[in-house]
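Here's the structure we're looking at; comments come further down.
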Amino acid sequence: IVSDTSGMLYVVATPIGNLDDLSPRATATLIAADLILAEDTRHSGRLLRRLGAGGAILSLHEHNEDQRIADVLQRLQQGQSIALISDAGTPLVSDPGFRLVRAIGEAGHGLVPVPGPCAAIAALSVAGLPSDRFAFEGFVANRAGARRERLQQLAADARTLIFYESPHRIAAFLQDLCAAFGGERRGFVARELTKLHETGYRGTLDELSALARDDPNFSRGELVIVVAGVTSAPAADQADLDATLAVLLEEMPAKQAARVAARLLGIGRNEAYRRTLELKAGKA
Ligand code: SAM
């Protein structure tokens with residue numbers, strides 16, 4: 001909703017690696033802005049000088065966002081045109097800006113998105129995983145306990161999930177994903193999107209986890225992890241699984257029965273084992 005005040009905040013997406021991804025509209029907006037709010041003024045200064053953008057630049061980051069708000073509101077009141085950018089990609093997506101945008105919206109000033117690159121969406125667009133419903137989870141907590149708890153909560157989510165993770169934590173993160181979601185779940189890891197060493201890795205979480213351990217290139221550069229949502233067996237498959245398990249459980253222990261049933265029916269071992277335990281517990 002745009003108010004009748006003349007000042008505007010433009011939320012401008014910038015490249016995530018390839019400078020050619022800056023749209024002509026983003027360029028024009030940055031050149032015309034009276035003020036540019038940038039996460040890191042030195043980093044963005046290079047891009048802005050290259051464009052010939054002559055407006056003032058001020059920093060807006062995690063630690064000073066709240067203090068900036070009053071000044072930005074005053075400038076908008078005076079009719080200034082202000083652009084918000086982050087170091088890369090779309091501001092507010094695992095980047096600062098939410099509190100500023102909320103304050104500007106509440107004050108009734110104009111807010112205009114200038115859309116463009118976003119690593120999460122770029123990765124999703126080539127992941128080959130269902131994209132009709134997805135959830136952006138960004139960076140999961142660093143602390144092992146909190147991270148595992150969050151992943152446990154997400155394990156039953158049917159939507160495709162998108163994560164950001166740093167290279168030095170990717171191996172541990174994929175291991176935690178295997179533990180929480182089961183190693184058979186399909187995933188995709190996008191590395192260095194739009195850059196020289198852009199690489200996509202696809203496979204089961206077990207396979208991706210092994211790659212993270214064994215391939216030194218896997219954990220070089222920036223990474224997005226996309227994971228398929230959980231799929232529950234349709235009713236007919238469930239009946240097949242139950243019938244198969246009933247026979248196998250008469251002949252062998254539960255774990256082995258689950259493994260054989262999974263191979264026979266082409267389903268995940270975890271899923272078969274879960275159902276085995278349910279059957280043994282007498283659940284219909
Ligand atoms: N605002 C950005 C966006 O729109 O994607 C995200 C900023 S967040 C601080 C940085 C994280 O985004 C990186 O650690 C990585 O997970 C992901 N990322 C950013 N650029 C990337 C690229 N070129 N390739 C892969 N992942 C990238």
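Sequence positions, counted from 1, serve as the residue numbers for this chain. Not measured: the values here are computed from a predicted model. Atoms within a ligand are numbered from 1 in the order they appear, just like the ligands themselves.
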Using distance alone, determine whether C118 and ligand 1 share an N or O pair under 3.5 Å.
-> no
Decide yes or no for R75 and D34: does some side-chain heavy atom of the first lie under 4.5 Å from some side-chain heavy atom of the second?
-> no
Enumerate the atoms of ligand 1 whose separation from the nearest heavy atom of D95 is less than 4.0 angstrom.
-> 1 (N), 2 (C), 7 (C), 9 (C)
Does E165 reach ligand 1, in the sense of a heavy atom lying below 4.0 Å from it?
-> yes
Can an N or O of I16 be found at a distance shorter than 3.5 Å from an N or O of ligand 1?
-> yes
Taking N or O atoms only and a 3.5 Å limit, does F139 qualify as a polar contact for ligand 1?
-> no
Quick one: which ligand 1 atoms are inside 4.0 Å of a heavy atom on S94?
-> 7 (C), 8 (S), 9 (C)
Pick from H197, E198, E192: which one makes a side chain to side chain donor-acceptor pair (under 3.5 Å) with K195?
-> E192
Distance (rounded to the nearest 0.5 Å) between L73 CG and Q78 CD | 11.0 Å
Using only heavy-atom distances, determine whether the side chains of T199 and N217 contain a donor-acceptor pair under 3.5 Å.
-> no
Answer yes or no: is there an ion pair linking E278 with R275, defined by an N-O contact shorter than 4.0 Å?
-> yes
No-hydrogen, no-angle side-chain donor-acceptor test under 3.5 Å, R150 and Q153 = yes
Do L124 and I225 share a hydrophobic cluster (ILVMFWY, side-chain heavy atoms under 4.5 Å, transitive)?
-> no
For atom 5 (O) of ligand 1, what's the nearest protein heavy atom and its distance?
-> Y164 OH, 2.7 Å
Within a distance under 4.0 Å of any heavy atom of T90, pick out the atoms of ligand 1 and give their elements.
-> 1 (N), 3 (C), 4 (O)
Could you tell me which atoms of ligand 1, counted from 1 in the order shown, lie closer than 4.0 angstrom to a heavy atom of A119?
-> 3 (C), 4 (O), 5 (O), 17 (C), 18 (N), 19 (C), 20 (N), 21 (C), 26 (N), 27 (C)
Close N or O approach (L223, ligand 1; < 3.5 Å) | yes
Checking heavy-atom distances from atom 19 (C) of ligand 1 to each of E222, R191, E39, the winner is E222
Per-atom contacts, ligand 1 versus K195 - under 4.0 Å to a heavy atom | 23 (N)
Going by heavy atoms in the side chains, are L58 and D71 under 4.5 Å from each other?
-> yes
For L193, take its heavy atoms, then give the atoms of ligand 1 lying under 4.0 Å from any of them.
-> 22 (C), 23 (N), 24 (N), 25 (C)
For V224, the atoms of ligand 1 under 4.0 Å from one of its heavy atoms are 25 (C), 26 (N)
Begin with the C-alpha distance, continue with both residues' side-chain angles, and end with the deciding distance and a verdict on side chain to side chain contact (heavy atoms under 4.5 Å, CB included) for V224 and Y164.
-> CA-CA 5 Å; V224 182; Y164 287 164; 3.7 Å; yes
Does A88 reach ligand 1, in the sense of a heavy atom lying below 4.0 Å from it?
-> yes
